[in-house]
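Heads up: the structure comes next, in structure tokens.
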Amino acid sequence: MAESVNFIEQIINEELEEGKFERTGNKIITRFPPEPNGYLHIGHCKSLCINFGVKDKYQGECNLRFDDTNPAKETEEFAQSIIDSLDWLGFQYDRILYASDYYDKMYEIAEKMILDGNAYVCDLSAEEITETRGTLTEPGKESPYRNRSVEENLKLFREMKEGKYADGEKVLRAKIDMASPNINMRDPILYRVAHVSHYRTGDRWCIYPMYDFAHPIEDAIEGITHSICTLEFEDHRPLYNWVVEHAGFEAPLPRQIEFARLGITNTVMSKRYLKKLVDEGKVHGWDDPRMPTLAGLKNRGVPPEALKSFCNLIGVSKANSECQYSYLEACIRDYLNANAERAMAVVDPLKLTITNYEGEEDVEFDINQFKPELGKRTVRFGKTLYIDRNDFSLNPPPKYFRLKVGGYVRLKSAYIVRCDGYNTDENGNVTEVLCSYVPESRSGNDTSGIKTKGVIHWVNAETAIDAVIKQYEPLLKDAEYAGQDFSERMNYDSEHIFYGKAEPYLAETMEKSFQIMRTGYYKSCMDGDKFCLSEIVSLKDNFNK
RNA sequence: UGGGGUGUCGCCAAGCGGUAAGGCACCGGAUUUUGAUUCCGAUAUUCGUAAGUUCGAAUCUUGCCACCCCAGCCA
């Protein structure tokens, strides 16, 4: 099948054909430019896949650049978390850069713009600027400071830099068009005064460039050919181009291309809400497994490959869309299915005694992994076992394939057993299931002729280890946080903890959190993708549907 | 109401004037020691809508409708 070419690649192909980048050896360079003001989430993964996808496709380059131009919100911790996430996903950036490293150059360009008569210092207050900006339908009014002389502008701007003015007292504005139908072009602010210490530059600066001024310059400095961003910046493109042109860079100039950001059903993705959940202690932190952050997803055991395949499968377009969560789950399942090792475990242990098992000693079997190439492991069969409580029913509904009194079921990879009875406590709760096994039904060597529709998990009571099994619901939209779109699944904070039993095979990594993914039939994995306990949970879920 | 975008199956999404790819979900059926996997098969006479151009349109033109974004000294 021919590899699909998304619309961004189509644009690049056309430009390449036109010879737009011949002067620079047809090198295509992209960048991933997060602001270190929070952790990356799955939406960023889409952006990463697009930017690094272009890099790979054209054997180009991709920079990781921190867009750190607003010191009030940015921290070293966030920057580090972003680096960690990229490393985890396996994206290899060509260089790591910081917008804050360009402050001198940006300042220089600002002075050039003043010299060229393209920028001026404005004394209007924030409120006054808002008022004179006009509305969607009415043009704005020109600032009374718009026609200051170059000399005065230069002097004032230098004073801004030197700290002579308080926050909000003066700003540097581009001189474009107060009557533009595009509000972004109505003399946008280029620099503001902010006596805030920056996590990298400290107190060296008290004026900071605005995104619309800084971003195009950052791209141009780095020789970015394609500046890929989300749809809400479409209206900023004319300004982006204006800045690049008036800053005096040489062709090929960077080109901004916008795509639709990722939306996932019932998932909070706005950094503002995620931050609120963290700040208010609704979750354990940015890396809480219920969070849609990359760090959270990692802690849930989502393999990075699954995230990337998801982002690649959903495609790139300009249509606002929202993917169903099940699509992500399918990608996770697909990856786990092919790569995860499996072991048996029971979430809610129920004792099962094999009354006719005579052997004094337990018997060990070597069994193949689901994918034989993943090797074998050893399980120990014996007289006393545990099965999951959900795999035994006193009042089985029609089509119940698992254990019921008088019925047969296969203990996976071992023997077929028949349920002869059970014991209860004083309250009538089942405490033990009594079975007899069929000796000639040994797995792989079955001559019993008995067919069972049900196959259940079990663990040996002697050797089983205690397992803490956590099930996490994804972080869902909540009326309180999203303001709308209620759903009956409004349990954004559900974290279910079970104390189960598992094969000793799992012992080595037991200290690490042991999770069951809520992903349809397949549910579990532990410490990344090493183990998948799909079996038990799949049975449970099927029963519920 | 100004400007910028977007509308193809329940959800993503190809398609770029020659007669609707693919994936997810769903539904059949086969295999199965995970009710999983795998495997086959079904599934848009139709592309927001109404006209027009054309031998021929989802693709071109025009009008209309719906939804999203923009009035931070945030990014």
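Every chain is numbered from 1, with letters handed out A, B, ... down the list of sequences. Bear in mind the structure is a predicted one, so any value in this text is a computation, not a measurement. Just the heavy atoms: all of them, side chains too, but no hydrogens, waters or symmetry mates, feed the values below.
One cannot find a donor-acceptor pair under 3.5 Å joining the base of U33(B) and the side-chain atoms of Ser413(A). Judged by distance alone, with hydrogens and angles left aside, Glu258(A) brings no side-chain donor or acceptor close enough to the base of G5(B) to form a pair under 3.5 Å.
Taking the C1' atoms as reference points, C11(B) lies 15 Å from A44(B), given to the whole Å. Using P as the reference atom, A71(B) and G18(B) are 42 Å apart when rounded to the nearest Å. Nucleotides U6(B) and G15(B) place their P atoms 15 Å apart, quoted to the nearest Å. Between C9(B) and C47(B), the distance separating the two C1' atoms is 10 Å to the nearest Å. C40(B) and U53(B) have their P atoms separated by 47 Å, given to the nearest Å. Spacing of C1' atoms, G10(B) relative to G5(B), comes out at 25 Å, to the nearest Å. Nucleotides G23(B) and C39(B) place their P atoms 11 Å apart, quoted to the nearest Å. Separating the P atom of G48(B) from that of C55(B) is a span of 24 Å, rounded to the nearest Å.
One can place CG of Asn13(A) at 14 Å from C1' of C16(B), the figure rounded to the nearest angstrom. Between Arg333(A) atom CZ and U38(B) atom C1' there is a gap of 14 Å when expressed in whole angstrom units. Counting to the nearest Å, the C1' atom of C67(B) and the CG atom of Leu231(A) are 12 Å from each other. Atom CZ of Phe259(A) is separated from atom P of C69(B) by 16 Å (rounded to the nearest Å). The separation between Ile50(A) atom CD1 and C12(B) atom C1' is 14 Å, rounded to whole Å. Rounded to whole Å, atom P of G5(B) lies 12 Å from atom CD of Gln256(A). If you take NZ of Lys453(A) and P of A36(B), they are 11 Å apart, rounded to a whole angstrom. The CG atom of Asn312(A) sits 14 Å away from the C1' atom of C12(B) (whole-angstrom rounding).
With distances taken from any side-chain atom of Lys318(A) to the nucleotides G4(B), U6(B), C12(B), the minimum falls on U6(B). Minimum atom distance to the side chain of Asp446(A) is reached by U33(B), of the listed C68(B), A25(B), U33(B). For Leu313(A), counting side-chain heavy atoms from C-beta on, the closest listed nucleotide (G23(B), C24(B), G4(B)) is G23(B). You'll find that the side chain of Asn320(A) is closest to C68(B), out of C68(B), C12(B), U33(B).
Trp286(A) and Phe78(A) have perpendicular rings, their planes meeting at more than 60° on a 0 to 90° scale where under 30° would count as parallel. Ring geometry for Phe233(A) against His236(A) counts as perpendicular: the plane angle is over 60°, on a 0 to 90° scale with 30° as the lower cut. The aromatic rings of Tyr327(A) and Phe310(A) sit perpendicular, their planes meeting at an angle over 60°, well past the 30° parallel limit.
Using a 4.0 Å cut-off between charged side-chain N and carboxylate O, Lys170(A) and Glu159(A) make no salt bridge. Ion pairing of Glu234(A) with Lys318(A) is present here, as a side-chain N (NZ or NE/NH1/NH2) and a carboxylate O approach within less than 4.0 Å. Classification of Glu503(A) and Arg380(A) as a salt-bridged pair fails, no side-chain N sitting under 4.0 Å from a carboxylate O.
In this structure, Arg377(A) contributes its side chain and Asp366(A) its backbone to no donor-acceptor pair below 3.5 Å. In terms of modelled atom types and a separation under 3.5 Å, the side chain of Asp219(A) and the main chain of Ser227(A) share no donor-acceptor contact. Side chain of Asn337(A) to main chain of Arg333(A): no donor-acceptor pair is present (N/O by atom type, distance under 3.5 Å, no hydrogens or angles). When atom types are taken as modelled, the side chain of Arg192(A) and the backbone of Pro209(A) share a donor-acceptor pair closer than 3.5 angstrom. For the pair Asn182(A) (side chain) and Asn184(A) (backbone), a donor-acceptor distance under 3.5 Å is present.
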Scan nucleotides 58-60 of chain B against the protein and return all N/O pairs shorter than 3.5 Å with their distances rounded to 0.1 Å.
none

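Considering only side-chain N and O atoms, Gln324(A) lies nowhere under 4.0 angstrom from the phosphate OP1 or OP2 of A13(B). Residue Ser180(A) places none of its side-chain N or O atoms closer than 4.0 Å to OP1 or OP2 of G3(B). Side-chain N/O atoms of Ser317(A) include one lying less than 4.0 angstrom from OP1 or OP2 on A13(B).
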Pair Glu35(A)-Lys73(A), salt bridge (charged side-chain N to carboxylate O under 4.0 Å, His left out): steps then yes or no: CA-CA 9 Å; Glu35(A) 180 187 13; Lys73(A) 292 185 176 176; 5.9 Å; no
What string of B, S and - do you get for nucleotides 70-75 of chain B 5' to 3' if you count protein non-hydrogen atoms under 4.0 Å? BBSBSB
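Residue Gly454(A) is classed as having no contact, given no heavy-atom separation below 4.0 Å to the nucleic acid. Using a 4.0 Å heavy-atom distance criterion, Arg442(A) is classed as a base contact.
Nucleotide A30(B) forms a Watson-Crick or G-U wobble pair with U38(B), both donor-acceptor distances falling under 3.5 Å. Both distances falling under 3.5 Å, in either a Watson-Crick or a G-U wobble arrangement, place C67(B) opposite G5(B).
Position along RNA chain B of the nearest nucleotide to Cys323(A) versus Ala319(A) favours Ala319(A) as the more 5'-ward residue.
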